[in-house]
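Take a look at the structure below.
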Amino acid sequence: MPGDDLFAERLRKVEKLRAEGVPVYQIDFSPSASIAEARARAGGGAEDAVSVAGRIMRLRPQGGAAFADLEDESGRMQIWLRADHMGDAYRIVGSLDLGDIVGVAGTLTKTRRGEPSVLADSATLLVKALHPPPEKFHGLQDQETRSRKRYLDLLSSEDSRRHFATRTTILRSLRRTLDSRGFLEVETPILQTIAGGGAAVPFMAHWNALHTDVYLRIAIELHLKRLLVGGYARVYEIGRVFRNEGLSPRHNPEFTLLEAYQAYATYDDMRVLTEALVVDAASAAGPQPQTDDAGEPPCENPMLRRFAGRTIDLTPPYAARRMADLIEEQLGVDVVDRWDDMYRVARELGVDVPAGHGPGAVMLEIYEQLVEPAISDPTFVLDYPAEVSPLARKRKDDPRFVERFELVVAGRELANAFSELNDPIDQRRRFAEQAAMRAAGDDEIPPIDEDFLEALEVGMPPAGGLGVGVDRLVQLLTGAGSIRDVLLFPTMRPQHRTAIAHEPLAHESPSERAEEG
RNA sequence: GCCCCCUUAGCUCAUCGGUAGAGCAGCCGGCUUUUAACCGGUUGAGGGAGGUUCGAUUCCUCCAGGGGGCACCA
């Protein structure tokens with residue numbers, strides 16, 4: 001109820017204004033300048049007429065005059081309202097609350113203290129805010145509320161707005177880098193009957209008209225390869241994929257994946273492309289704007305980023321090392337030499353591996369547990385075991401391995417690429433091996449996608465393929481410790497589960513209901 | 001799914017086995033160059049449900065949400 005008191009108070013003001021014939025939700029107001037423009041002109045000594053609009057972030061009434069700090073996306077500026085200047089129109093001041101959106105027409109000026117201001121001739125209430133904004137000095141601190149009600153976070157924090165705008169800057173950079181290399185941006189289905197292209201449990205949805213279940217995609221890969229079969233030489237998609245997994249600071253059930261495929265290229269070409277994508281994005285994002293948690297001073301070089309307590313140097317070229325070599329260097333074990341003895345190797349190293357794995361999967365386990373976390377600066381880890389890479393081309397010199405790399409930064413996988421497998425017979429055999437694992441109970445292995453195999457049978461040019469975890473890249477470039485800090489609306493648990501569970505399922509669309517209603 | 005921690009007023013924070021205190025916001029009043037405006041007055045609260053106790057916000061159990069870790073995660 002106490003929260004309702006504030007709400008009720010503002011509703012009361014709405015009623016009062018309406019009774020006086022003052023519109024509370026205006027639609028007509030065209031500011032002549034953004035607040036940043038107006039502020040710059042006033043600061044430069046201009047005294048011409050101007051009109052601005054924005055949200056009231058601070059309000060300092062003092063009897064016959066009042067000062068309001070108005071904020072729009074461009075910035076913040078003081079409005080100076082004077083009774084002796086506005087006459088009757090000054091009454092509006094009594095109706096204004098923090099959070100209201102107002103339009104102000106007046107004259108640019110500076111106060112005695114030198115503050116650039118708009119001396120108001122008139123002030124128009126454009127939107128009455130019925131809820132009070134977060135605390136004007138400390139802002140919104142509660143992490144949960146910031147995520148759930150992102151609008152409050154954004155409206156009370158310029159840092160937050162800048163932070164998410166940087167995400168867009170990075171996304172633009174990724175597109176620019178690919179576009180400039182002749183890649184065609186495409187869009188492929190999210191609703192799929194088989195969610196393939198990776199190993200993950202998909203989300204399920206129901207298609208009423210066909211009385212059939214469909215899945216949300218877990219990867220983009222198989223459709224982009226179909227497009228290579230169709231004759232496009234370079235395609236990419238930046239889009240949302242969905243994986244039915246738990247939440248963590250590094251995982252959100254829906255996340256943004258960039259996948260790019262290039263005909264007549266290998267994973268070596270993808271390495272060059274990956275490096276360009278990261279370096280361009282880092283340049284676009286610019287130097288890190290602020291000190292981080294560790295209190296390190298900001299650095300002017302956009303290639304140096306503080307992240308996860310480490311300083312990361314993104315200056316190319318990046319190291320490129322074979323996984324087997326990294327293991328041998330750091331652990332002193334030649335896993336290629338002891339291939340058939342891999343379980344014993346794992347045991348010797350203290351790596352816990354579930355039974356039933358082949359040597360390749362065990363080797364990957366060793367790498368992921370003991371080697372990967374220590375990698376800090378960007379490193380291309382080359383040549384994964386074929387066993388764990390069903391869609392990649394095997395190495396000619398050693399078919400136990402495939403031409404595949406992951407780009408690892410700060411101990412985390414940022415990108416994944418391979419020379420794509422385009423032998424439909426080999427692909428069918430490897431899918432069959434995977435299918436056996438699915439039959440054995442691994443529900444992360446998708447069923448065999450016959451349509452994709454048929455496409456390969458038509459003939460896919462040799463190609464390199466690349467996937468980039470865009471959210472993780474944005475985390476790296478913004479220093480965000482949690483993936484939730486780079487998603488405007490991260491996935492959250494519903495707050496009132498029982499209420500939702502009791503809600504009857506609506507099988508009709510809103511428009512159908514409207515027609516009936 | 002498991003473990004640890006957190007949840008106090010609209011917001012930001014205190015306190016405590018003895019009935020909760022402040023700042024901002026709100027309300028009333030004052031104030032025509034302020035800017036986290038100021039001055040006086042004032043309303044408002046311990047996530048939910050149980051339990052222990054003379055008495056619980058505090059201790060215990062369960063539930064919900066959040067944070068972190070693990071598991072899961074190409």
Side-chain angles (χ1 to χ4, degrees), chain A residues 1-10 12-13 57-69 76-86 90 93 97-99 109-117 119 129-149 152 156 197-201 218-219 221 243-253 255 352 354 360-361 364-365 367-368 372 381 384-385 387-392 402 404-406 412-413 415-418 434 443-445 467 469 481-482 484 490 492-499:
Chain A
M1 292 303 154
D4 286 348
D5 289 347
L6 298 177
F7 186 77
E9 177 59 30
R10 292 194 174 205
R12 197 182 60 75
K13 288 184 181 172
M57 302 306 287
R58 289 177 191 156
L59 192 56
R60 297 179 292 279
Q62 19 179 324
F67 298 89
D69 290 348
R76 193 179 277 201
M77 183 182 194
Q78 175 169 281
I79 305 301
W80 183 9
L81 305 112
R82 296 179 58 137
D84 59 2
H85 191 75
M86 297 174 69
Y90 187 75
V93 170
D97 284 305
L98 294 182
T109 187
K110 281 200 241 182
T111 60
R112 188 186 296 160
R113 301 277 177 99
E115 181 69 24
S117 306
L119 180 60
L130 297 179
H131 292 291
E135 213 260 6
K136 65 184 177 184
F137 189 64
H138 299 94
L140 192 59
Q141 297 297 319
D142 181 61
Q143 187 58 43
E144 178 179 359
T145 311
R146 288 179 58 198
S147 293
R148 285 192 195 275
K149 301 184 190 294
L152 292 179
S156 62
V201 181
I218 60 166
E221 175 149 4
R243 297 187 181 181
N244 213 329
E245 297 162 0
L247 299 161
S248 92
R250 291 168 293 282
H251 301 86
N252 197 68
F255 61 98
D352 188 36
L364 181 66
E365 199 68 33
Y367 158 77
E368 285 184 345
E372 188 180 68
V381 179
Y384 277 57
E387 184 186 332
V388 297
S389 313
L391 294 159
V402 294
R404 170 182 172 188
F405 71 75
E406 284 192 0
R412 302 170 187 205
E413 300 150 18
N416 180 26
F418 20 95
Q434 299 274 308
D443 57 359
E444 287 169 9
I445 308 289
S482 168
R484 290 183 291 277
M492 304 289 279
R493 280 178 208 259
Q495 272 176 310
H496 304 293
R497 274 190 187 174
T498 49

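Since we're looking at a predicted model, the values are computed, not measured. Residue numbers start from 1 in every chain, and the chains themselves are labelled A, B, ... in the order their sequence lines are given, proteins ahead of strands.
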ask   = Rounded to the Å, how far apart are Arg60(A) CZ and U34(B) C1'?
value = 5 Å

query = Leu98(A) side chain: which of A25(B), U33(B), A36(B) is closest?
reply = A25(B)

ask   = Would G46(B) be called syn or anti, given that syn covers angles within 90° of 0?
value = syn

inquiry  = Do Arg404(A) and Ser389(A) pair up side chain to side chain, a donor and an acceptor below 3.5 Å, judged on atom types alone?
reply    = yes

request  = Scan Leu140(A) against the nucleic acid and name what it touches under 4.0 Å (heavy atoms): base, sugar-phosphate only, or nothing.
outcome  = sugar-phosphate

message = Between Arg112(A) and U34(B), is there a contact of a side-chain N or O with OP1 or OP2 at under 4.0 Å?
response = no

request  = Please report, rounded to the nearest Å, how far the C1' atom of C6(B) is from the CG atom of Asp142(A).
outcome  = 10 Å

task = Determine whether any donor atom in the side chain of Asp69(A) lies under 3.5 Å from an acceptor atom in the base of U35(B), or the reverse, and answer yes or no.
result = no

key: For atom CZ of Arg82(A) and atom P of U34(B), their distance in whole Å   = 12 Å

inquiry  = Give the dot-bracket line for RNA chain B from 5' end to 3' end: parentheses for intra-strand Watson-Crick or G-U pairs under 3.5 Å, square brackets for crossings, | for inter-strand pairing, dots for unpaired.
reply    = (((((((..((((....[..)))).(((((.......)))))....(((((..]....))))))))))))....

request  = Answer with base, sugar-phosphate or nothing: what part of the nucleic acid does Lys13(A) contact at a heavy-atom distance below 4.0 Å?
outcome  = sugar-phosphate

ask   = Tell me: NE2 of His131(A) to C1' of G26(B), nearest whole Å?
value = 15 Å

request  = Check the distance between A25(B)'s P and Leu6(A)'s CG and give it to me in whole angstrom.
outcome  = 12 Å

inquiry  = Whole angstroms only, please: what is the CD-C1' distance between Glu135(A) and A9(B)?
reply    = 13 Å

task = Could you tell me which non-hydrogen atom of Val388(A) sits nearest to which non-hydrogen atom of Ala361(A), and how far apart they are?
result = CG1-CA, 3.8 Å

task = Identify whether any heavy atom of Gly139(A) sits under 4.0 Å from a base atom; if not, whether one sits that close to sugar-phosphate; answer base, sugar-phosphate or nothing.
result = sugar-phosphate

task = Report which part of the nucleic acid Arg148(A) touches: base, sugar-phosphate, or nothing (heavy-atom distance under 4.0 Å, all strands).
result = sugar-phosphate

message = Please compare Glu144(A) and Gln141(A) by the position of their nearest nucleotide in RNA chain B and report the one closer to 5'.
response = Gln141(A)

Letter per nucleotide, 5' to 3', of nucleotides 68-74 of chain B [B base touched, S only sugar-phosphate touched, - untouched; heavy atoms, 4.0 Å] = SSS-SBB

remark   = Separation of U35(B) atom P from Arg76(A) atom CZ, nearest Å, is 15 Å

request  = Not counting sequence neighbours, which residues clear side chain to side chain donor-acceptor pair (under 3.5 Å) with Asp69(A)? List them please.
outcome  = Arg60(A)

ask   = Within less than 4.0 Å of OP1 or OP2 of A25(B), is there a side-chain N or O belonging to Lys136(A)?
value = yes

